[in-house]
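One-based numbering, in listed order, for ligands and for the atoms of each.
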Amino acid sequence: MADTDGNIDSHDYYLDTPQTDTPLPLKGCNSLDWGMKNRLANIFDPKTGRTVMLAVDHGYFMGPTTGLERIDVTINPLLQYANTLMCTRGILRSTIPPTFNKGVVLRASGGPSILKEISDERIAVDMEDALRLNVAAVAVQVFIGGEFETTSVHNMTRLVDAGNRYGMPVLGVTAVGKQMARDAKYMRLATRMCAELGCTYVKTYYVEKDFDTVAAACPVPIVIAGGKKQPEIDALTMAYNAIQQGAAGVDMGRNIFQSDAPAAMIQAVSRVVHEDMVPKEAFEYYETLKNAK
Ligand code: R5P
């Protein structure tokens, strides 16, 4: 019990100062409960409302992808530069130091490998385990237009229900089948469906034409996947264009961990995302860091 001896009987209620109520700088998120918002603040930098998610979950259906053969060697040194790590629970428990104290977005769907029809996923993590791992969000793949579209949407809505029960955000990850057109019309459909059906935020791909309409039509934050490895200047340009057209960040994997200089690349991406650094400058920054050895 607090010692009350010598307690000073004077109080200042700051009667002229209205109570401050700090909103979360994320669109569509201010009706969420405190725990959900607190988790989101561990994914999105509260100062910018944006995030650099480092995606290393590829092994859940692709096995040891180039650059991810030894996550302890190649990825752990990059953690300091990311806002958030996206990975599977297997990698989290086996390889990521428990001292990592930023948000983790946990891959929560899976099933088929690249050898099979990949849209035939199921929920692959129990919400109880996600809570045990103290993660900031769970991620579920949604295959709009895919062979198992309804199953994947149902996976998502079940995770949304479980997430709402415990204050766990759900990231809907839009997956585009090889045979589908990767255009704004498709992305508007897929992202809007994820948001309407309850996802807290949505991951999509950047499209060259009309990405701003994709971002505008999605009532919750959108982040873009990096996609296959491109030259660094092109990946920085894509990130810049997405941010300028309304994305709240990137969830980037191969364009970081398959770069010639992953640490330099993630720092350059971070400046594009959080400081609106233009691609040319960001590329020069990347080159400077890369050569400073
Ligand atoms: C697919 O395996 C995952 O959803 C990745 O997290 C996502 O595709 C982002 O990684 P990348 O930037 O390599 O496309």
Side-chain angles (χ1 to χ4, degrees), residues 43 51-69 71 74-75 78-79 81-92 96 103-121 123-125 135-144 146 152 155-156 159 170-178 180 182 187 190-191 194 199 201-207 222-232 234-243 247-259 262 265-266 268-270 272-273:
I43 298 171
T51 185
V52 175
M53 297 175 60
L54 177 58
V56 300
D57 59 323
H58 305 59
Y60 93 97
F61 74 116
M62 290 168 64
T65 311
T66 304
L68 298 180
E69 299 89 339
I71 287 179
T74 58
I75 299 301
L78 305 180
L79 295 177
Y81 307 117
N83 293 107
T84 306
L85 177 71
M86 179 169 176
C87 66
T88 59
R89 61 178 163 183
I91 289 299
L92 193 57
I96 305 302
V104 169
V105 177
L106 190 67
R107 159 65 54 188
S109 66
S113 71
I114 39 170
L115 306 177
K116 294 278 199 179
E117 167 50 48
I118 59 165
S119 68
D120 191 17
E121 288 195 348
I123 292 174
V125 169
V135 300
V138 293
V140 54
Q141 208 84 1
V142 184
F143 298 86
I144 302 303
S152 71
N155 293 340
M156 174 181 75
L159 276 173
V170 174
L171 169 62
V173 179
T174 61
V176 193
K178 282 201 182 85
M180 284 174 222
R182 210 178 259 216
M187 298 304 175
T191 55
C194 289
C199 280
Y201 72 113
V202 181
K203 176 160 98 166
T204 186
Y205 287 93
Y206 179 71
V207 287
I222 278 196
V223 295
I224 61 150
K228 66 176 191 302
K229 174 75 176 72
Q230 312 175 53
E232 280 73 8
D234 294 350
L236 292 166
T237 302
M238 178 180 69
Y240 179 81
N241 289 341
I243 294 293
V250 299
D251 184 26
M252 194 173 269
R254 288 163 289 179
N255 277 292
I256 291 171
F257 61 71
Q258 292 178 353
S259 165
M265 186 58 180
I266 191 171
V269 170
S270 184
V272 169
V273 169

Legend entry - Polar contact flag for M86 and ligand 1 (N/O pairs, less than 3.5 Å): no

Inset, instruction - Check whether any side-chain N or O of S109 sits under 3.5 Å from a backbone N or O of R107 as a donor-acceptor pair, and report yes or no. - result: no

Legend entry - Any N/O pair G226/ligand 1 closer than 3.5 Å: yes

Inset, instruction - Could you find the nearest protein heavy atom to atom 2 (O) of ligand 1 and give me its residue, atom name and distance? - result: F61 CE2, 3.4 Å

Legend entry - G253 N/O to ligand 1 N/O under 3.5 Å: yes

Inset, instruction - Tell me which protein heavy atom sits closest to atom 10 (O) of ligand 1, plus the residue, atom name and distance to 0.1 Å. - result: H58 NE2, 3.1 Å

Inset, instruction - Look at the side chain of E69 and the backbone N and O of G67, then say whether any donor-acceptor pair between them is shorter than 3.5 Å. - result: yes

Legend entry - Close approach of D57 to ligand 1, heavy atoms, under 4.0 angstrom: yes

Legend entry - Where ligand 1 meets M252 - atom numbers and elements under 4.0 angstrom, heavy-atom basis: 12 (O)

Inset, instruction - For A55, take its heavy atoms, then give the atoms of ligand 1 lying under 4.0 Å from any of them. - result: 6 (O), 9 (C), 10 (O)

Legend entry - Proximal ligand 1 atoms for R254, defined as those under 4.0 Å from one of its heavy atoms: 11 (P), 12 (O), 13 (O), 14 (O)

Inset, instruction - Report the distance from atom OH of Y206 to atom OG1 of T237, rounding to the nearest 0.5 Å. - result: 9.5 Å

Legend entry - Distance (rounded to the nearest 0.5 Å) between R89 CZ and L106 CG: 7.5 Å

Inset, instruction - Report the nearest protein non-hydrogen atom to atom 7 (C) of ligand 1: residue, atom name, distance rounded to 0.1 Å. - result: K203 NZ, 3.0 Å

Inset, instruction - Can you measure from CG (L236) to OG (S259) and round to the nearest 0.5 angstrom? - result: 9.0 Å

Legend entry - Candidate list I96, I266, T84, V56, test side chain to side chain contact (heavy atoms under 4.5 Å, CB included), partner L79, passing option: I96

Legend entry - N/O donor-acceptor pair under 3.5 Å between T51 side chain and I43 backbone: yes

Legend entry - Ligand-side contact atoms (ligand 1) for residue partner D251, heavy atom cut-off under 4.0 Å: 6 (O), 9 (C), 12 (O)

Inset, instruction - For ligand 1, note which part of R107 has a heavy atom under 4.0 Å away: side chain, backbone, both or neither. - result: side chain

Inset, instruction - Kindly indicate whether the side chain of Q141, heavy atoms from C-beta on, has any atom under 4.5 Å from the side chain of Y60. - result: yes

